[in-house]
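Below is one structure; the comments refer to it alone.
So you know, we letter chains A, B, ... as the sequences are listed, proteins then strands, and number each from 1.
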Amino acid sequence: MSASDSFKVRKIVRALKKKYGKIPWWPGDCDEVMIGAILTQQTRWENVERALDELHRRDLCSLSTIRTADSTAIEEAIRCTGFYRIKAGRLKALATFAEVTCGGVQKMEKIPTRALREGLLGVHGIGEETADSILCYGFSRPVFVIDAYTDRMVRCAGVTEPRNRLKDLFESVLPENNETCRQTHAHIVEYAKEFCGKKRCDACILVNSNG
DNA sequence: GACCAGGTCCTTG
DNA sequence: CAAGGACATGGT
C-alpha cells in the first residue's frame, strides 16, 4: 500500500472524528447484532430495524430460538428486508454454527478473533463484511469493517488501494482498539451517506483540504 | 417505472 | 479469474 494512501486514511479518520465526535452506531446485544448483520445485506437499515422488531415480537430475536424455529415464521418476520428466503436460510446456518458448532454465544466470546473470523466465513451466506461486522459490533473485537459506503468514500478521498486491501490498510493505520474501529467505520458511513453519491462525490473536499 | 439499498453465492466465458 | 445474474422488498 502506498504511503500516500496511509496518509489520506489518517487524514480521513482525524477529520471525521472532529466532525462527528462520538456517535451511537449499531447498538444491541450480540445475538441481535449477528442477526442484523445478515438482514442488512444489500438492504437499508431502517428496514432491518422493522424486521428486528418483528423478530422480537415473535420471540425469534436470538440464535437459539431461530435455530429451532419454523423457517416460514422467520421468513414472515423478515420479509421487509428483501431476499427473505435466502436470509432466513442464512440465519439458520449462523444459528447452527453458533449454537451447535461453537456451543453457544458465550463460548464464541472466548474464541480468538482470527479463528472466529474463519469460522464465521465458513458459514454459508456470511462473507467478509458480515463476518467483520459481527466481530466488530457484536463481539467488540478490534476489526475494521469495509462496506460499499466505505469503499465509495475513500475513492472519493483519492485512496487508490483496491477494496480487498482496505481492511488491512485501515487496521495498519488505526490503533488496535475496538472503540476506534467501530467509531471510525460509523463516521465514514455517515459521511458517505450524506456527501458521496454513488457516482459522484460532492464534498470530500472536507477531507482533502486542510489538516 | 427505473434505480438503489450497510452482500453473497453461483454460473459463464 | 472477471463479469453477470439471482435473490426480493421498500423507498425515492
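Under the Watson-Crick or G-U wobble criterion, with both distances below 3.5 Å, B/dG1 has no partner in any strand shown.
When each of A/Thr180, A/Thr184, A/Asn178 is paired with A/Arg182, the side chain to side chain donor-acceptor pair (under 3.5 Å) condition holds for A/Asn178 and for no other.
Look at CZ on A/Arg163: it is 15 Å from P on C/dA2, rounded to the nearest Å. Across the protein-nucleic acid pair, A/Trp45 atom CH2 and C/dG11 atom P stand 16 Å apart, rounded to whole Å. For the pair A/Leu91 CG and B/dG7 C1', the interatomic distance rounds to 14 Å; values are reported in whole Å. Taking atom CD1 on A/Ile86 and atom P on C/dG5, their separation rounds to 17 Å, with Å as the unit. Separating the CZ atom of A/Phe83 from the C1' atom of B/dG7 is a distance of 8 Å, rounded to the nearest angstrom. Look at CD1 on A/Ile78: it is 11 Å from C1' on C/dA8, rounded to the nearest Å. In this entry the distance linking CG of A/Leu120 with P of B/dT8 reads 12 Å, nearest Å. Between the CD atom of A/Gln41 and the C1' atom of B/dG7 there is a distance of 5 Å, rounded to whole Å.
Along DNA chain B, the nucleotide nearest A/Thr130 and the nucleotide nearest A/Asn47 are compared for position; the residue whose nucleotide lies closer to the 5' end is A/Asn47.
B/dC10 sits 14 Å from C/dA8 when the P atoms are compared, rounded to a whole Å. For the P atoms, the distance linking B/dA5 with C/dA2 amounts to 23 Å, nearest Å.
Within 4.0 Å of A/Ile126, counting heavy atoms only, lie sugar-phosphate atoms of the nucleic acid but no base atom. Contacts of A/Thr81 with the nucleic acid, taken as non-hydrogen atoms under 4.0 Å apart, are absent. Contact annotation for A/Arg85: backbone-only contact, meaning every heavy-atom pair under 4.0 Å involves sugar-phosphate atoms and none involves a base. Within 4.0 Å (heavy atoms only), A/Glu46 reaches no atom of the nucleic acid at all. If you check every strand for non-hydrogen atoms under 4.0 Å, A/Gln42 touches a base. The residue A/His124 sits close only to the backbone: its heavy atoms come under 4.0 Å of sugar-phosphate atoms, none of a base. At the heavy-atom level, A/Arg79 lies under 4.0 Å from the strands shown only through sugar-phosphate atoms. Residue A/Lys193 is in base contact, counting any heavy-atom pair closer than 4.0 Å across all strands shown.
Heavy-atom minimum distance, A/Leu52 versus A/Gly36: CD2-N, 4.4 Å.
The side-chain heavy atoms of A/Glu32 and A/Tyr137, taken from C-beta on, include no pair separated by under 4.5 Å.
Here A/Arg152 reaches the OP1 or OP2 of B/dA5: one of its side-chain N or O atoms lies under 4.0 Å away. Note on A/Tyr84: every side-chain N or O is 4.0 Å or more away from OP1 and OP2 of C/dA8. The shortest distance between the side-chain N/O atoms of A/Arg50 and the OP1/OP2 oxygens of C/dG11 is below 4.0 Å.
A salt bridge links A/Asp151 with A/Arg155; the closest basic N to acidic carboxylate O contact falls under 4.0 Å. The pair A/Arg117-A/Glu128 meets the salt-bridge criterion, since a charged nitrogen lies less than 4.0 angstrom from a carboxylate oxygen.
In this structure, of C/dC7, C/dG10, B/dG7, it is B/dG7 that holds the atom nearest to the side chain of A/Ala148.
The environment of A/Lys19 atom NZ is dense: over 12 non-hydrogen atoms of other residues, nucleotides or ligands sit within 6.0 angstrom.
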